[in-house]
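Naming convention: chains lettered A, B, ... in sequence-line order (proteins, then strands); numbering from 1 in each chain.
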Amino acid sequence: LLGIVIGSCAAIEGCHPVVLISPYDATVESVLQGYRYSLNVLVKRAGGAAGTAAGTFDASKDAYVDLEAKIDGLVAQAKAQDQGVGCKLDDKTWNRIKAQFAKAAGLPASNPTTGDGDGYGCVTMMLSNVQQNLATLESIHKDPAQCVSKVPEFPTCLRPAAAQDIVNISNQTIDAALFVEHALKKQETN
Amino acid sequence: MSAVDDVFKALMDEAPKAFGAAWKDAKSFLPTELRKMALQLVSIAENVAKFEADDTQGYPPATGKALLEMQKRATENVLIAVTALTIIALEDTLNAVLKAAKGILGTVIDGLI
């Protein structure tokens with residue numbers, strides 16, 4: 001601790017605040033809240049309209065393009081603001097946490113992080129997961145084999161049960177990122 | 001005990017071991033999220049089983065697999081959020097120490113460099 005304090009003071013004349021995480025960004029919070037709302041509307045509408053023209057992937061294409069643009073923009077912005085501080089949890093600890101939870105939950109194991117990791121900050125990592133979940137959602141929606149439609153002219157859909165689970169999972173993914181933004185906002189105002 | 005409770009218990013049993021010293025920061029946020037996760041995992045298993053019994057219900061295994069991938073990322077985000085909270089708390093502590101020690105350390109550092 002003293003080393004960090006002295007380092008922070010020795011680098012430049014006088015002491016400068018220690019930065020371990022990217023600061024609060026009001027844009028991330030507001031865009032992510034809008035993204036959450038739009039995604040919920042899209043998935044609930046598609047799930048409710050499964051088996052009709054309105055429930056097909058094609059009917060939601062524009063909404064997906066809009067969501068992609070929002071999350072791609074947020075990820076790019078977060079990467080640009082990362083300040084090179086990373087999400088500082090050493091690889092050994094992080095891999096241990098991921099492996100233990102995956103085992104307990106019966107989830108597929110992810111590849112261990114090696115070396116210095118990707119160096120991205122916590123917010124970037126979380127937004128990246130939101131981005132990847134959108135890609136998975138689209139792959140479900142556009143795949144006729146996952147719709148098993150009884151209406152040949154509308155081969156793609158989000159089955160109602162899948163739509164409900166997608167909303168729950170997506171919200172948990174997004175809310176974790178919003179939770180951190182709220183904590184950063186609180187830190188900034190204190 | 002229901003399947004949700006079983007999964008939740010398994011996750012909660014692992015949490016203090018996995019987080020070690022950071023568990024005290026994680027425990028205010030994590031249990032609620034772990035319960036959501038347990039509910040979700042059980043829902044996926046049930047919906048795949050429903051589909052296999054009647055293909056107008058639930059969803060196919062391919063969707064179950066895709067949803068597990070999504071849940072894995074949601075879980076990762078929850079764990080990153082806990083990590084971030086720990087980092088924020090550490091940053092606050094370090095900066096409070098810096099602020100308190102600024103005058104004294106300034107003199108010490110001037111003497112060292």
Side-chain angles (χ1 to χ4, degrees), chain A residues 1 4-6 8-10 14-21 87-89 93-94 96-98 100-108 110 122-123 125-126 129-130 132-133 136-137 139-140 143 145-146 148 150 159 161-162 164-166 168-170 172-174 176-177 179-180 183-184 187 190, chain B residues 7 10-11 13-15 17-20 29 33 36-41 43-44 47 50-51 55-60 62-63 66-81 83-88 90-95 97-99 101-102 105-106 108-109 112-113:
Chain A
L1 180 73
I4 295 171
V5 172
I6 290 175
S8 178
C9 290
C15 295
H16 290 260
V18 174
V19 177
L20 300 176
I21 190 164
C87 191
K88 284 183 186 287
L89 195 67
T93 308
W94 180 234
R96 188 191 68 215
I97 289 172
K98 282 202 294 187
Q100 279 187 287
F101 274 92
K103 193 179 162 195
L107 289 170
S110 47
C122 297
V123 174
M125 287 169 72
M126 288 192 285
N129 279 331
V130 173
Q132 287 177 63
N133 272 358
T136 304
L137 162 59
S139 73
I140 294 170
D143 181 5
Q146 295 192 52
V148 197
K150 305 294 180 196
R159 296 172 70 96
Q164 184 55 58
D165 283 351
I166 287 165
N168 292 340
I169 296 169
S170 299
Q172 188 176 34
T173 315
I174 297 165
F179 190 83
V180 170
L184 289 168
Q187 182 194 39
N190 281 343
Chain B
V7 177
L11 291 169
D13 285 348
E14 291 300 323
K17 285 181 263 172
F19 277 94
F29 169 70
E33 297 304 315
K36 285 183 198 168
M37 215 178 289
L39 281 166
Q40 209 44 62
L41 293 169
S43 175
I44 292 169
N47 276 304
K50 277 183 193 170
F51 176 86
D55 76 0
T56 64
Q57 303 296 311
Y59 41 73
T63 305
L67 292 180
L68 275 182
E69 275 299 316
M70 290 178 75
Q71 183 60 55
K72 190 182 82 180
R73 295 186 200 113
T75 306
E76 199 162 296
N77 266 17
V78 168
L79 299 177
I80 294 170
T83 303
L85 292 182
T86 309
I87 293 172
I88 291 168
L90 177 62
E91 193 177 271
D92 286 346
T93 306
L94 287 172
N95 286 322
V97 169
L98 268 178
K99 196 175 171 187
K102 192 175 178 181
L105 281 173
V108 173
I109 296 302
L112 291 175
I113 56 177

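Taking CE of A:M125 as the reference point, atom CD of B:E76 lies at 6.0 Å (rounded to 0.5 Å). Atom CG in B:L67 sits 9.0 Å away from atom OG in A:S170 (nearest 0.5 Å). Distance check, rounded to the nearest 0.5 Å: CD of B:E69 to CD1 of A:I169 gives 11.0 Å.
Ranked by heavy-atom pairs shorter than 4.5 Å toward chain B, the options A:T173, A:N133, A:V180 are led by A:N133. With respect to chain B, the highest number of heavy-atom pairs below 4.5 Å among A:I140, A:I166, A:I174, A:D165 belongs to A:D165.
Minimum interatomic distance between B:V78 and A:A176 (heavy atoms only, all atoms of both residues): N-CB, 4.0 Å.
Looking at B:I44, the atoms closer than 4.5 Å to chain A (heavy atoms on both sides) sit in the backbone and in the side chain alike. In this structure, the portions of B:D55 lying under 4.5 Å from any heavy atom of chain A include both its backbone and its side chain.
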task = Decide yes or no on side-chain contact (heavy atoms from CB on, under 4.5 Å) for A:T136 and B:R73, but give the supporting numbers first.
result = CA-CA 11 Å; A:T136 304; B:R73 295 186 200 113; 3.0 Å; yes
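Residues A:N168 and B:M70 have side chains not in contact (no heavy-atom distance under 4.5 Å, counting atoms from C-beta outward).
Judged purely by atom type and a 3.5 angstrom limit, A:R159 uses its side chain to pair as donor or acceptor with the backbone of B:Q57.
Between the side chains of B:N77 and A:Q172, no donor-acceptor pair of N or O atoms lies under 3.5 Å.
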